[in-house]
2 protein chains.
Amino acid sequence: MDGIPGKVVIARGRATARLQSTELLRELILGGTLAPGQRLNEVELAAQFSMSRGPIRESLQTLAAEGLVTIRSHKGTFVKTFTKDELANLYEVRLVLEAYACRQAALRRTDAEAEVLGGLLDLTRQRLATEGVFLYENDFHLQILAMTHNDVLANQGRYLLVQMALARSRSASSAERSKAALEEHQAVLEAICDKNDAHAADLMERHLGKSYENARRTLEPTLDAADPSGTSG
Amino acid sequence: MDGIPGKVVIARGRATARLQSTELLRELILGGTLAPGQRLNEVELAAQFSMSRGPIRESLQTLAAEGLVTIRSHKGTFVKTFTKDELANLYEVRLVLEAYACRQAALRRTDAEAEVLGGLLDLTRQRLATEGVFLYENDFHLQILAMTHNDVLANQGRYLLVQMALARSRSASSAERSKAALEEHQAVLEAICDKNDAHAADLMERHLGKSYENARRTLEPTLDAADPSGTSG
DNA sequence: TAACAGTTGACTGTTGACAATCACGTCGTT
DNA sequence: AACGACGTGATTGTCAACAGTCAACTGTTA
């Protein structure tokens, strides 16, 4: 647990301790501060978050159900680790779900939503040009999911995005891949603006296929090495 | 909370109190003992399960993340209720996911798995003929999901099945619909046995479409009346 | 009678203490 | 030296008590 530098100060608004710790832990895990496989010590977390173990334990239950951590009875809680097979499974489902979402987004979008998507892409292009960083990719996909106006679909898609962010947290994207991904996003945007649903779905499918290829190539070969968090608890 | 008759006796094996109460609550909710919208009193549950509020609260966190209950801060926990829109959204995603699952199951199935599916159907037919009950429908769909050999896909599908079971807990199926559903299942089975993936997917899509039609027609018109569990916590 | 402030009871949120379990190191035996 | 029983410290699991919040009830006032 030496991944967390010091005590975390919480702005005690009106949210409960449980909700705060849930959010905080989610950020620490998805931000990479808490690495996959790392053990989460309840006492230490409680001290760092300035609360007792009760709310911490309740948060860990939530995160376990969300698939971000694995709880092993009497052993401890660990940040979830992924094997290459699991990554492949995630991509397979994501391909199906997001291609469909893209199709429906093209059909159901409002003009305002399409503009938001375009603005997101402009921002990405700008920061890629000036700073060389490729950002807001997840936001792009989330916005498309929102444009389906189907909360169930959006939630399932978001789950897959989050899982993948964690599974790929040790992989990298080259500058070339970033540029290509941006262009693929641009093409998807245009198809959605044209309300060309079949084309939009096809473009998204190709985009995710290439993304998977890149992920598989750049992943650390140790991805499915010994898993300290085990399988069940 | 008068839905639960008396104290529930727990066979104290080696499972933790939290795991036992999670499983128990899941069964009570999906079995209909705890009806949608009903409030879950932590103190009463703790007494009935012969444990303290700690494990109960942790279980409720898990069930909330699974979408079976809704927690409202300082208000209480309620069995999740559904609106007609949510049911429509569930069916839309289920159609996409299960049609794809059926296609892949046809391609990836082992002979043993196909036999299990057939046995399930035989059992259903038998009990429908002798007792007039239509059972094991969910097991049929779960088996197909398992035959995709993709755990992510199977889990997402199972989530939708569970949600739908809860959303439809106040709807009914006529004897005619049961008979038709059985025949539709039979057709799906045959397509999977023939490894005819396109046909299998198509049949599943039609089957779920008809299932939705039936659900919409037979649902109590009060489904999206005032929601006592509110929207968020 | 209607509206409002204060009170009260029930419930959830949180805490610290205790019990149970596990991993690891130590010691003795073969 | 290798192996296994044992003890020990650390960590999770559970509990009971306390604190905070909310909703309903009461009584008062215009």
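Within every chain, numbering begins at 1; the chains are lettered A, B, ... in the order of the sequence lines, protein sequences first and strands thereafter.
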Interatomic distance where [atom1] belongs to [X] and [atom2] belongs to [N] [whole Å]:
X: Glu42(B); N: dC18(D); atom1: CD; atom2: P; value: 19 Å
X: Arg72(B); N: dG13(C); atom1: CZ; atom2: P; value: 12 Å
X: His74(B); N: dG13(C); atom1: NE2; atom2: P; value: 6 Å
X: Ile71(B); N: dG13(C); atom1: CD1; atom2: C1'; value: 12 Å
X: Phe78(B); N: dT12(C); atom1: CZ; atom2: C1'; value: 11 Å
X: Leu40(B); N: dA10(C); atom1: CG; atom2: C1'; value: 16 Å
X: Arg18(A); N: dT21(D); atom1: CZ; atom2: C1'; value: 14 Å
X: Met51(B); N: dT14(D); atom1: CE; atom2: P; value: 8 Å

Margin query: Whether the Tyr100(B) and Thr148(B) side chains hold a donor-acceptor pair (N or O, under 3.5 Å, no angle test) is what I'd like checked.
Written below: no
Check: Do you see a donor-acceptor pair shorter than 3.5 Å between the side chains of Tyr136(A) and Arg127(A)?
Finding: yes
Next item on the list: Please list, by residue number, the residues of residues 53-63 of chain A whose heavy atoms come closer than 4.0 Å to an atom of DNA chain C; answer none if no residue qualifies.
Entry: Arg53(A), Gly54(A), Pro55(A)
Checklist line | Upstream residue (5' side of DNA chain C) when Lys75(A) and Ser52(A) are each assigned their closest nucleotide | finding: Ser52(A)
Note to self: Check the orientation of Phe140(A) and His185(A). Use parallel for under 30°, tilted for 30 to 60°, and perpendicular for over 60°.
What the structure shows: parallel
Check: With the threshold set at 4.0 Å, does a side-chain nitrogen-carboxylate oxygen contact exist between Arg103(B) and Glu92(A)?
Finding: no
Note to self: As a test of reading the structure: which of dC11(C), dT14(C), dT11(D) is closest to the side chain of Thr16(A), going by heavy atoms?
What the structure shows: dT14(C)
Note to self: Holding to ring pair (Phe, Tyr, Trp, His ring centres under 6.0 Å), I want the full list of residues that pass it with His149(B), two or more places apart in sequence or in another chain.
What the structure shows: none
Margin query: How about CD on Glu23(A), more than 12 heavy atoms from neighbouring residues, nucleotides or ligands closer than 6.0 Å, or not?
Written below: no
